[in-house]
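Take a look at the structure below.
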Protein chains: 2
Amino acid sequence: MTTTLKQFMETNISKIDHEIYEIVENVQAPEQLKEAMHYSLKAGGKRIRPLFVLAVSALFNNIKKESYTVGAVIEMIHTYSLIHDDLPSMDDDDLRRGKPTNHVVFGEALATLAGDALNTLSFGVLARMDDVTPAVKVELINLLSVAAGAEGMVGGQVLDIDGEARQLNLEELEKVHENKTGALLRFSIESGAVLANATEEERKILVEFAHHIGLAFQIQDDILDIEGTSEQLGKTAGKDIASQKSTYPALLTLEGAKRKLREHYEIAIASLEKLNGDITLLKELAQYIVLRNK
Amino acid sequence: MTTTLKQFMETNISKIDHEIYEIVENVQAPEQLKEAMHYSLKAGGKRIRPLFVLAVSALFNNIKKESYTVGAVIEMIHTYSLIHDDLPSMDDDDLRRGKPTNHVVFGEALATLAGDALNTLSFGVLARMDDVTPAVKVELINLLSVAAGAEGMVGGQVLDIDGEARQLNLEELEKVHENKTGALLRFSIESGAVLANATEEERKILVEFAHHIGLAFQIQDDILDIEGTSEQLGKTAGKDIASQKSTYPALLTLEGAKRKLREHYEIAIASLEKLNGDITLLKELAQYIVLRNK
């Protein structure tokens, strides 16, 4: 990791975390609910999505309080989806980021409700931002609703469950990932552009970047499930093979998956090169997530 | 029921239903997910909350397409909360409105995701309304997020689960209901006022009305659980007594609960009388929900 990226991550992850905790702390709600919400938010994710909001904001010289707020909101949506995905009726995972999952600690009912609360809270937080016009808030809320809902993340999760029963082909697998994880990553990148009043052309380029880096990110996830250890990943490794899940390595072989990752990564970077402005941070962040080992 | 109210309900319930189905139909999502969303939305609720949006809109001569959209959104939030509440890890109900509950038909995973999708979709639908300014949309989204989330409905559900373990006192019981069911009913009434650009004073009066009619509504629910039959209610009657749940009749006796209901009803109506404009519909709707037998 370069010094620039390291410094950028160190400074901003603590600011993002602060913003997240402050948002939940200010909610007037039963203590056990707040505790359950905090628990999974604190569980130490990589904060990749908020970092993309900030890297895009940096590109447009537009890092401000609201960049952190939007980043925090994305992390809240991401966290709610993990809480619900881990439930016994879904993926039935006991371990997440090296810690017991939400329902293991708080019970299924409270875990379900903590997820629901984070989902609902996210939209309110966007609506209450200070230095953003109502029109921009409405645009962000609309984009987030599409990215996180039936047309995006939730729809992708349905396709994913559906795909467990049979072997998907490459096109179907891409569709799962574009929705399940790609849509929210795309929102992270696009929201930074919306906050900065970027041009249509700039947004189009960034969305193209988001598409390819999102797929690269997911392929790396699949590769890590094979090459990583449970300790490294903070979750059970080798689960995909054990469950005969449709993955890139399963469809393309491990080498083929690595080639595919490289392809998407290179198209993503080529998209960025079309932009004016300093793309160093975005490039380094993209490189970081495809080279990561956890 | 008066002819005015009957006509109002007949005309508007079908329009609300149409709006709801159109919203879900237009979502680009996996078919099984849409089917699960439709199933519970179609299950024939009383559409009380959307009717309040319309009755308040009528008071301000402001019934328009967007009144139905906001009503549909409230029904979507209400329905998602019922789907999640019915889950085995929550209330574990097999029957709702006389039909098998969502997870009985579609399985727990899809039921959880259908609820999540309805929750997320609601905010997007508000953001995409046509004839409403961005500032009004942002206000509605903020109010709905508070009403439906940790500070309202979801928080109330947590308090309710918490209360199952012990006998609540009257103050605690009111707090459960103010959050669990009152907050969304209040939003139904307040959103009609926001859509009509009502004055602060008018909103204050309507919120007072909403508070009392919400509690009256809940007390009637508790009474019906004792006096109604499962067939009438479309859900298991007598469940509260069987589970020793904290209810108004349990705390105040059945007669005491009926007196309390009358009190709240009368304060609610007295609030309405302070408004200018034709309050006939609102009064009749209020009467309808406290005299209902299902």
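These values consider heavy atoms only, across backbone and side chains, with no hydrogens, waters or symmetry-generated copies. Chain letters run A, B, ... following the sequence lines, proteins first and then strands; every chain starts at 1.
In terms of heavy-atom pairs under 4.5 angstrom with chain B, the leader among I141(A), V27(A), V138(A), D116(A) is D116(A). When each of E108(A), K137(A), K34(A), E139(A) is scored by its heavy-atom pairs under 4.5 Å with chain B, the top score falls to E108(A). Interface summary for chain B: among R128(A), M37(A), H103(A), the most heavy-atom pairs under 4.5 angstrom belong to R128(A). Of the listed residues A111(A), A109(A), S122(A), A114(A), the one with more heavy-atom pairs under 4.5 angstrom with chain B than any other is A109(A). The candidate with the highest count of non-hydrogen atom pairs below 4.5 Å against chain B, out of S81(A), A117(A), A29(A), S89(A), is S89(A).
Ring-plane geometry between F123(B) and F123(A) is classed as parallel, the angle between the planes falling under 30 degrees on a 0 to 90 degree scale with a further cut at 60.
For CG of N169(A), the number of neighbouring non-hydrogen atoms (other residues, nucleotides, ligands) closer than 6.0 Å is greater than 12. Crowding of K64(A) atom NZ: a count of heavy atoms from other residues, nucleotides or ligands under 6.0 Å exceeding 12. In this structure, R186(A) places its CZ atom where only 12 or fewer heavy-atom neighbours from other residues, nucleotides or ligands lie under 6.0 Å away.
Between A135(A) and P134(B), the closest heavy-atom pair is N-CB, 3.7 Å.
The OG1 atom of T112(B) sits 6.5 Å away from atom CG of L87(A), with the distance rounded to the nearest 0.5 Å. Interatomic distance, Y80(A) OH to N119(B) CG, rounded to the nearest 0.5 Å: 7.0 Å. Remark: L110(B) CG to M90(A) CE distance equals 9.0 Å, nearest 0.5 Å.
Residues of residues 145-159 of chain A lying under 4.5 angstrom from chain B, judged on non-hydrogen atoms, are S145(A), V146(A), A148(A), G149(A), A150(A), E151(A), V154(A), G155(A), Q157(A), V158(A), L159(A) by number.
Only the side chain of Q32(B) comes within contact range of chain A, with at least one heavy atom under 4.5 Å from a heavy atom of that chain. Heavy atoms of I161(A) lying under 4.5 Å from chain B belong exclusively to its side chain. For L113(B), the parts lying under 4.5 angstrom from a heavy atom of chain A are both the backbone and the side chain. With a 4.5 angstrom heavy-atom cutoff, N26(B) touches chain A only via backbone atoms.
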